[in-house]
Amino acid sequence: MVIHQKILKSAGAISKNYLATENIFTEGESAQYYFQIVSGSVKMNKYDESGKEHIQNRLEAGECLGESFLFIDHQYPMNAVAINSCEVLSLKKSLFISLMQKNPKMCFEIKKNLSKKLHFK
């Protein structure tokens, strides 16, 4: 788990349940939330011009998604789709940034997690 659920909820995160195949976010949307999976699985995918799906990553409970885009004000270059029924915590970008500024150790953990993801890409 990247950030403990209690910390996220106390910072203002809300829980949402998604059904299999439901989008958590879509390519082209502006990144406005930090997402962390409580239960279930999520795939990060993209479709090419012919409609063929390319899966970028598969994430499980305890992992976060799309967090790198919160730091650079970019749109999502891919989709996040529930593979199965899942619960996801979402925290507004402004609240997430504030949480990072107030908690340098937590910010370090997020950076460490991002570094691991980059290493495996």
Residue set satisfying salt bridge (Lys or Arg N to Asp or Glu O under 4.0 Å) with Glu60, at least two apart, ordered chain then number -> Arg58
Cluster check Ile24, Leu59: I/L/V/M/F/W/Y, side chain < 4.5 angstrom: yes
* Asked: Between Glu53 and Lys43, is there a side-chain N and carboxylate O pair less than 4.0 Å apart?
  -> yes
Beyond-backbone contact of Val42 with Tyr18, side-chain heavy atoms, under 4.5 angstrom: no
Expected output: side-chain Lys46 to main-chain Ile55 donor-acceptor under 3.5 Å: no
### Query
Counting distance only, does the side-chain N/O of Gln36 pair as donor-acceptor with the main-chain N or O of Leu65 below 3.5 Å?
no
With sequence neighbours left out, the residues meeting salt bridge (Lys or Arg N to Asp or Glu O under 4.0 Å) with Lys111 are none
One should read off an interatomic distance between Asn79 CG and Asn23 CG, to the nearest 0.5 angstrom, of 5.5 Å
Are the side chains of Asn57 and Asn45 in touch, meaning some heavy atoms are under 4.5 Å apart?
no
So CD1 of Ile37 and SG of Cys64: to nearest 0.5 Å the spacing works out to 8.5 Å
Atom pairs and distances, side-chain donor-acceptor, residues 82-100, under 3.5 Å, sequence neighbours left out:
unit_1: Asn84; atom_1: OD1; unit_2: Ser41; atom_2: N; d: 2.9
unit_1: Glu87; atom_1: OE2; unit_2: Ser15; atom_2: OG; d: 2.5
unit_1: Lys93; atom_1: NZ; unit_2: Asp73; atom_2: OD1; d: 2.1

In short, Ser39 meets Ala61 closest at the heavy-atom pair CA-CB, 3.9 Å
Closest non-hydrogen contact found for Gln32 with Ser30 is NE2-OG, 2.9 Å
Residues at least two apart in sequence or cross-chain that pass salt bridge (Lys or Arg N to Asp or Glu O under 4.0 Å) with Glu29, listed by chain then number, are none
Output for pair (Phe69 CZ, Ile72 CD1), nearest 0.5 Å, gives 6.0 Å
Rounded to the nearest 0.5 angstrom, the CE-CD distance for Met44 and Glu27 is 11.0 Å
- request: Please check if the side chain of Asp48 supplies one atom and the backbone of Gly51 the other of a donor-acceptor pair under 3.5 Å.
  value: yes
Side chains of Phe25 and Phe35, heavy atoms from C-beta outward: is any pair under 4.5 Å? yes
In residues 6-14, what donor-acceptor pairs under 3.5 Å come from side-chain atoms, sequence neighbours left out?
unit_1: Ser10; atom_1: OG; unit_2: Lys6; atom_2: O; d: 3.2
unit_1: Ser10; atom_1: OG; unit_2: Ile7; atom_2: O; d: 2.9

Contacts of Tyr47 meeting ring pair (Phe, Tyr, Trp, His ring centres under 6.0 Å) (sequence neighbours excluded), chain-then-number -> none
| request: Give a yes or no answer on whether the side chain of Glu109 reaches the backbone of Met106 with a donor-acceptor pair at less than 3.5 Å. | output: no
